[in-house]
Amino acid sequence: MSDLTKLTIAAARDALRRGDVTSAELTQSCLAAIDGADALNAFVHKTPEVATAQAASADDRIKSGEAPDLCGIPLGIKDLFCTKGVPSQAASRILDGFKPEYESTVTTQLFEQGAVMLGKLNMDEFAMGSSNETSVYGDAVNPWRDGQTQLTPGGSSGGSASAVAADLCLGATGTDTGGSIRQPAAFTGITGIKPTYGRVSRWGIVAFASSLDQAGPMTKDVRDSAILLRAMAGFDPKDSTSADIPVPDFEAALTGDIKGKVIGIPKEYRMDGMPAEIEKLWSDGTAMLRDAGAEIRDISLPHTKYALPAYYVIAPAEASSNLARYDGVRFGHRAKLEQGDGITEMYEKTRAEGFGDEVKRRVMVGTYVLSAGFYDAYYNRARRVRALIKRDFDQVFAEGVDAILTPATPSSAFGLGTMAEADPISMYLNDVFTVTVNLAGLPGISVPAGLDAKGLPLGLQLIGRPWEEADLLNVAYSLERAAGFVAKPDRWW
């Protein structure tokens with residue numbers, strides 16, 4: 001039974017259709033694996049009753065002969081997605097006890113397809129972090145280790161990455177505001193795709209930065225990402241930024257044929273001090289795509305160097321606006337008040353107790369850059385830089401480039417506690433290769449492509465044209481096959 005958790009979504013789907021296994025068996029196998037993996041702290045709200053009921057319903061549906069691809073597949077759901085009647089805290093104390101009366105659009109679509117929810121997954125508080133160390137639930141832990149050193153699974157979707165890499169679930173939902181799907185995927189040796197902004201509904205997902213947030217799948221391989229993305233994507237009239245365009249069959253696009261595709265290699269991503277292992281991985285990935293028949297072209301994205309500062313103005317600005325709704329009045333945590341305290345004291349005490357340090361830091365930065373006298377100097381300037389970054393990509397794609405290859409992260413996973421104790425800016429630098437994709441609203445995918453000298457996974461990122469996830473997934477599929485990454489972490493938990 002334990003080996004069932006090692007199945008991919010595609011393999012499990014086919015086994016379910018053949019009758020080789022039931023969703024109930026798959027689900028129980030995953031629930032047992034989750035119960036035995038508390039040391040990873042990946043699942044923070046387990047939902048065995050919900051999962052068992054959904055699995056039984058899925059088995060009935062499969063027997064009827066009319067079941068979608070995800071019917072009976074056990075998944076983990078990031079704690080940022082609102083799930084009806086199930087705690088949805090965004091890993092924050094300020095949402096303590098919050099159980100929504102509604103379901104997010106993404107989880108609604110997954111459950112309509114017959115997917116099974118195993119529980120809610122750990123994350124950085126309000127998705128603000130790159131190491132899953134800002135969570136009220138405590139750190140999520142990477143199943144990969146460096147000797148006896150516990151490593152970060154990345155952030156903010158650290159619980160999702162850890163759960164998929166450790167075979168606790170067959171796939172998971174994540175969200176990506178500046179790299180929060182792709183960086184954890186790279187750190188844990190799995191695949192994660194951030195779709196084009198507007199491809200997946202944001203309705204019912206706790207907001208961080210509304211013009212940057214985008215949900216996507218985190219899976220064991222590219223084919224599974226294609227299957228899960230198709231189920232998550234689609235137009236939603238409840239989300240004003242949702243695109244009313246058809247959702248293709250992403251799995252059907254996985255031919256592996258990329259002959260004649262033009263792959264851009266941006267010179268601006270060759271940064272001073274880049275580790276030799278990352279440089280070699282990038283070079284090897286380039287050679288793999290060339291050998292598969294792609295044309296390799298050097299390109300320039302000249303405004304890349306301004307991406308991080310622009311991102312860390314825009315994202316906190318939007319966060320400060322979005323998080324103003326958490327006041328202790330209607331839901332979540334409320335501070336105990338003393339006699340004579342008024343509404344102002346309630347707001348101040350509730351937010352002081354409810355928000356963690358990183359969230360407070362970003363709210364204060366965001367409030368500052370939006371304040372009178374600084375709005376033009378910071379926020380409007382960052383918006384103009386964002387437009388230039390998007391123009392760089394538009395120009396490159398207009399010149400015939402089909403996809404862009406870069407490293408996913410500047411290093412392999414680092415030790416828990418090592419980066420958090422340093423200057424916060426050193427943590428922010430983890431997003432150096434990923435934030436441009438969010439600023440430009442493009443699709444990007446991280447594919448595991450090798451191991452470093454310590455035996456830890458490293459990922460490569462592919463960036464695609466807007467709305468061309470099918471093409472992007474096919475290039476990623478070709479890269480995945482050439483890289484042949486099959487390594488798994490040694491079980492220690």
Side-chain angles (χ1 to χ4, degrees), residues 1-36 43 45-78 81 83-86 102-121 160 163-164 166-173 191 200-201 204 215 217-234 236 246-254:
M1 285 273 287
S2 61
D3 284 347
L4 293 179
T5 66
K6 297 177 182 177
L7 291 174
T8 63
I9 291 174
R13 172 196 61 189
D14 297 343
L16 287 165
R17 299 299 175 280
R18 292 193 303 267
D20 295 346
V21 68
T22 65
S23 178
E25 291 170 334
L26 266 177
T27 299
Q28 290 305 315
S29 188
C30 287
L31 290 171
I34 292 165
D35 284 341
F43 277 87
H45 295 295
K46 302 173 187 178
T47 56
E49 298 87 358
V50 173
T52 302
Q54 288 176 332
S57 176
D59 281 329
D60 290 341
R61 198 167 168 185
I62 291 167
K63 286 174 188 172
S64 74
E66 294 183 5
D69 284 346
L70 279 185
C71 192
I73 302 296
L75 302 175
I77 306 297
K78 186 177 180 179
F81 292 78
T83 43
K84 186 175 181 179
V86 176
Y102 54 90
E103 196 76 49
S104 76
T105 296
V106 166
T107 50
T108 296
Q109 291 176 186
L110 293 177
F111 300 154
E112 285 177 349
Q113 288 226 3
V116 174
M117 179 174 73
L118 298 166
K120 304 298 285 292
L121 292 160
S160 300
V164 173
D167 293 324
L168 307 185
C169 55
L170 273 60
T173 64
T191 299
V200 178
S201 172
M218 302 181 73
T219 61
K220 298 177 184 181
D221 62 19
V222 172
R223 183 174 298 277
D224 282 4
S225 281
I227 295 168
L228 189 49
L229 178 58
R230 188 183 184 193
M232 294 173 69
D236 179 12
V247 178
D249 183 343
F250 298 121
E251 186 183 10
L254 303 182

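None of the values given here were measured: they were computed from a predicted structure.
Looking only at side-chain heavy atoms (C-beta outward), Ile77 and Leu110 come within less than 4.5 Å of each other. Between Leu26 and Leu16 there is a side-chain heavy-atom pair separated by less than 4.5 Å. At a threshold of 4.5 Å between non-hydrogen side-chain atoms, the residues Thr52 and Gln28 count as touching.
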Subject >> Worked check of side chain to side chain contact (heavy atoms under 4.5 Å, CB included) between Asp69 and Glu251 >> reply: CA-CA 11 Å; Asp69 284 346; Glu251 186 183 10; 4.1 Å; yes
Subject >> side chain to side chain contact (heavy atoms under 4.5 Å, CB included) between Asp35 and Lys46, worked out >> reply: CA-CA 9 Å; Asp35 284 341; Lys46 302 173 187 178; 3.2 Å; yes
Subject >> Residues Met218, Leu228; criterion side chain to side chain contact (heavy atoms under 4.5 Å, CB included); working and verdict >> reply: CA-CA 9 Å; Met218 302 181 73; Leu228 189 49; over 6 Å; no
Original post:
Does the pair Leu229 and Val200 meet the rule for a side chain to side chain contact (heavy atoms under 4.5 Å, CB included), with working shown?
Top reply: CA-CA 8 Å; Leu229 178 58; Val200 178; 4.0 Å; yes
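Across every non-hydrogen atom of Leu170 and Leu4, the tightest pair is CD1-O, 4.3 Å. Across Leu121 and Ala172, no two heavy atoms sit closer than the pair CD1-CB, 3.7 Å. Taking each heavy atom of Leu75 and Ala115 in turn, the nearest pair found is CD1-CB, 3.8 Å. Taking all atoms of both residues into account, the shortest heavy-atom contact from Ile62 to Cys71 is CD1-O, 3.7 Å. Residue Phe43 comes nearest to Ala163 through the heavy atom pair CE1-CB, 3.8 Å, listed as atom of the first residue, atom of the second, then distance. Between Gln109 and Ala231, the closest heavy-atom pair is NE2-O, 3.0 Å.
Atoms OG1 and CE, from Thr107 and Met232 in turn, are 9.5 Å apart once rounded to the nearest 0.5 Å. For the atom pair Asp59 CG and Glu25 CD, the distance stands at 8.0 Å (nearest 0.5 Å). Here CD1 of Ile73 is found 7.5 Å from OG of Ser23. Values are rounded to the nearest 0.5 Å. Atom OG1 of Thr22 and atom CG of Asp60 lie 11.0 Å apart (nearest 0.5 Å). One finds the SG atom of Cys169 at 8.5 Å from the CD1 atom of Ile9 (value rounded to the nearest 0.5 Å). Rounding to the nearest 0.5 Å gives a distance of 6.0 Å between CG of Leu168 and CD1 of Ile34.
Considering only residues two or more places apart in sequence or on other chains, Asp221 meets the side-chain contact (heavy atoms from CB on, under 4.5 Å) condition with Thr8, Arg223, Asp224, Glu480.
Ser160 contributes a side-chain N or O that, together with a main-chain N or O of Thr173, makes up a donor-acceptor pair within less than 3.5 Å. Ser64 places a side-chain N or O within 3.5 Å of a backbone atom of Arg61 that can act as its donor or acceptor partner. Panel note: side chain Gln54, backbone Met117; a donor-acceptor pair is recorded below 3.5 Å. Between the Lys120 side chain and the Phe81 main chain, a donor and an acceptor come within less than 3.5 Å of each other. Glu103 places a side-chain N or O within donor-acceptor distance of the main-chain N or O of Lys84, the cut-off being under 3.5 Å.
Between the side chains of Thr5 and Ser29, no donor N or O sits under 3.5 Å from an acceptor N or O.
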